[in-house]
Amino acid sequence: MLRLVSLKFGRLYRYVKLLFAASLLVVMLLNTHSLLASFQRNELTERRFLSLNKCPACFGTSWCRKFMNGQLSFEGWGRLRLLDFFNVKNVHFAQYGEPREGSRRVVLKRLGSNQELAELDQKICKRATGRPRCDLIQAMYKTDFARLNGDVRLLTPDVVEGWSDLVHCPSQRLLDRLVRRYAETKDSGSFLLKNLKDTERMQLLLTLAFNPEPLVLQCFPSDEGWPFAKYLGACGRMVAVNYVGEELWSFYNAPWEKRVDLAWQLMEIAEQLTNNDFEFALYLLDVSFDNFAVGPRDGKVIIVDAENVLVADKKLIKQNKPENWDVWYESKFDDCDKEACLSFSKDILCSRTTVDHNYYAICQNLLSSHATWRGTSGGLLHDPPAEVAKDGRLGTLLDECANPKKRYGRFKAAKELREYLAQLSNNVR
């Protein structure tokens, strides 16, 4: 009986898939003219498509000249707006060209789904007028995004605390760094908020509240050795970042030596974000295989989704000395039945100087046998060679890093795991 039911459901599933494919084909045939038009025109030169008409309720304008000059164009099937239905994250691949440099691949992001962007517009309107629809440009001047006028000297923690993960517990040092490195102004380099134009201040604050990823990339740039994609610029509600390479998931079944090297790099990233000379701890709150990518030439692992990064200022913690500030904090293992689960307390991350969160996140969600993704299990280091499996050290370290059995076991296991992976991949540092 169970087999009969499963067969019926299997056939039903195939019929639904065929029906959907047929429907999609019919729609494409009925819209042949508009499909051809989509291939012929470059929508990345259109103000409305870029939502430039909504500024200052946008992410910036530093790259608008490049967009308007036709230096950016969607790749291949990315030109078909019909396929946007499947592109929920609103992430696109495009070619960017310079006259003397040729073209290269870049990634374009709207920083949210169409629904999330529509909800943003509604929130702005409701706060300004009490109605869900309004003139966005006029409404922006009546919201919290416009409360910091030209007379306000600094962006202070009391204004933006809790607006997003980036500023869940902001220090003045972090906010000064954010303003000083803000790329959507011609006068960058000053930490004084009053040096920004009214529209630039509003764009900065809106980005900080809606999706602070561009600000993370600007504050901690790849040019200075931080493991993030390079921020290029914005036009309206379209942000451009450097294309890194294939996502980490593409290497799930790569040769063992390659996977060991990638695992070592991931643990090095966890260490760098946790302990660095700047005394900023950057905690990754969303860790999954599609949030990392690998460079095709240098094989370097880079974070390509930095929306959910919490920054804690260790200098401020040491200065304020909150309760238990110097007690080592061990993250609690979360054995849930979903993909990419993590258990954490933002308030604790903000109040301790020694935290194992990043090691825990990388080990549990990417490397260990507890990692599950797209129907697979076993993590990036699945199926090790016989001699490695027989030795047992790798499995022991991964288990202790993901789900420690000893007090402070994860701290020790993470350190030993980094060293052991370096040894396995001949990356002795």
Side-chain angles (χ1 to χ4, degrees), residues 227 247-276 281 283-284 287-289 291-295 298-303 328-337 339-344 354-429:
E247 63 181 24
L248 183 62
W249 173 248
S250 302
F251 296 85
Y252 183 81
N253 288 315
W256 172 251
E257 294 77 11
K258 180 64 176 178
R259 288 185 284 132
V260 166
D261 176 66
L262 297 177
W264 173 77
Q265 290 190 59
L266 287 166
M267 290 302 294
E268 288 295 307
I269 288 175
E271 174 64 19
Q272 178 187 7
L273 297 184
T274 304
N275 300 304
N276 51 72
Y283 297 115
L284 304 176
V287 173
S288 63
F289 278 91
N291 287 349
F292 297 82
V294 181
D298 57 10
K300 191 174 182 179
V301 178
I302 296 293
I303 300 167
W328 290 18
Y329 179 72
E330 297 179 283
S331 302
K332 301 298 185 290
F333 172 73
D334 189 356
D335 189 15
C336 73
D337 57 354
E339 295 178 335
C341 287
L342 287 177
S343 174
F344 54 83
T354 307
V355 178
D356 65 1
H357 173 83
N358 285 333
Y359 314 129
Y360 151 67
I362 296 295
C363 285
Q364 175 172 301
N365 285 4
L366 299 180
L367 304 185
S368 74
S369 60
H370 301 285
T372 58
W373 191 248
R374 298 183 185 177
T376 67
S377 60
L380 187 63
L381 295 175
H382 64 88
D383 299 318
E387 63 273 17
V388 176
K390 184 178 180 181
D391 175 68
R393 187 181 176 196
L394 178 62
T396 300
L397 290 175
L398 287 172
D399 286 342
E400 189 68 10
C401 184
N403 186 15
K405 305 299 186 295
K406 304 174 184 177
R407 189 182 186 191
Y408 303 138
R410 186 180 286 121
F411 290 97
K412 182 180 179 182
K415 181 177 182 299
E416 292 183 7
L417 181 59
R418 287 167 52 218
E419 296 170 352
Y420 185 57
L421 290 172
Q423 177 185 334
L424 288 177
S425 61
N426 294 321
N427 281 324
V428 180
R429 294 295 188 269

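Treat the numbers as computed from the prediction; the structure is a model and nothing was measured.
- Interatomic distance, S377 OG to E339 CD, rounded to the nearest 0.5 Å: 11.0 Å.
- R374 is linked by a salt bridge (charged side-chain N to carboxylate O under 4.0 Å, His left out) to E247, counting only residues two or more places apart in sequence or in another chain.
- Across every non-hydrogen atom of L342 and A361, the tightest pair is CD2-CA, 3.6 Å.
- Considering every non-hydrogen atom in both I269 and V301, the closest pair reads CD1-O, 3.7 Å.
- Residues F344 and S331 form no side-chain contact, since every pair of their non-hydrogen atoms from C-beta on lies 4.5 Å or further apart.
- When the salt bridge (charged side-chain N to carboxylate O under 4.0 Å, His left out) test is applied to E271, the partners found at least two apart in sequence or on another chain are R418.
- Here the options are L394, L262, L380, the test is side-chain contact (heavy atoms from CB on, under 4.5 Å), and the partner is L367; only L380 passes.
- Taking all atoms of both residues into account, the shortest heavy-atom contact from I362 to M267 is CG2-SD, 4.0 Å.
- In this structure, CH2 on W264 lies 12.5 Å from CG on L424, to the nearest 0.5 angstrom.
- Among pairs with a residue in residues 377-398, those fulfilling ring pair (Phe, Tyr, Trp, His ring centres under 6.0 Å) read Y252-H382, at least two apart in sequence or across chains.
- The aromatic rings of W373 and F289 lie tilted to each other, with the angle between the two planes from 30° to 60°.
- E330 meets the salt bridge (charged side-chain N to carboxylate O under 4.0 Å, His left out) test with no other residue; sequence neighbours excluded.
- Nearest heavy-atom pair, A402 versus F333, reported as atom, atom and distance to 0.1 Å: O-CD1, 3.3 Å.
- Note that the CZ atom of F251 and the CG atom of D261 stand 10.5 Å from one another [nearest 0.5 Å].
- Listed by chain and residue number, K415 satisfy the salt bridge (charged side-chain N to carboxylate O under 4.0 Å, His left out) test with E419 (two or more places apart in sequence, or in another chain).
- Every residue two or more places apart in sequence or in another chain that forms a side-chain contact (heavy atoms from CB on, under 4.5 Å) with A293 is listed here: V244, V304.
- Pairs of residues two or more places apart, or lying in two chains, that qualify as disulfide bond (SG atoms under 2.5 Å apart) and include a residue from residues 363-422 are C363-C401.
- Every residue meeting the side-chain contact (heavy atoms from CB on, under 4.5 Å) condition with T274, not counting sequence neighbours, appears here in chain and number order: N358, Y359.
- For the atom pair OH of Y329 and OG1 of T354, the computed distance is 13.5 Å after rounding to the nearest 0.5 Å.
- Summarising the geometry of K258 relative to G299, their closest heavy-atom pair is NZ-CA, 3.8 Å, with the distance given to 0.1 Å.
- Every pair tested for side-chain hydrogen bond (donor to acceptor under 3.5 Å, both in side chains) that includes a residue from residues 361-372 fails, sequence neighbours excluded, so the list is empty.
- Using a 4.5 Å heavy-atom threshold, the side chains of Y360 and S343 count as touching.
- Nearest heavy-atom pair, N403 versus K405, reported as atom, atom and distance to 0.1 Å: O-NZ, 2.9 Å.
- To the nearest 0.5 Å, atom CG of residue L398 and atom CG of residue L421 are 7.0 Å apart.
- Counting only heavy atoms from C-beta outward, the side chains of V260 and V388 never approach each other to under 4.5 Å.
- For residues 380-399, no residue pair satisfies the salt bridge (Lys or Arg N to Asp or Glu O under 4.0 Å) rule, not counting sequence neighbours.
- For the atom pair Q423 CD and E416 CD, the distance stands at 11.5 Å (nearest 0.5 Å).
- Applying the side chain to side chain donor-acceptor pair (under 3.5 Å) rule to E400 yields no partners; only residues at least two apart in sequence or on another chain are considered.
- Within the structure, every pair that satisfies the ring pair (Phe, Tyr, Trp, His ring centres under 6.0 Å) test and touches residues 386-412, not counting sequence neighbours, is listed here: W328-Y408, W328-F411.
- For the side-chain contact (heavy atoms from CB on, under 4.5 Å) test with L366, the passing option among N291, V287, L381 is V287; the others fail.
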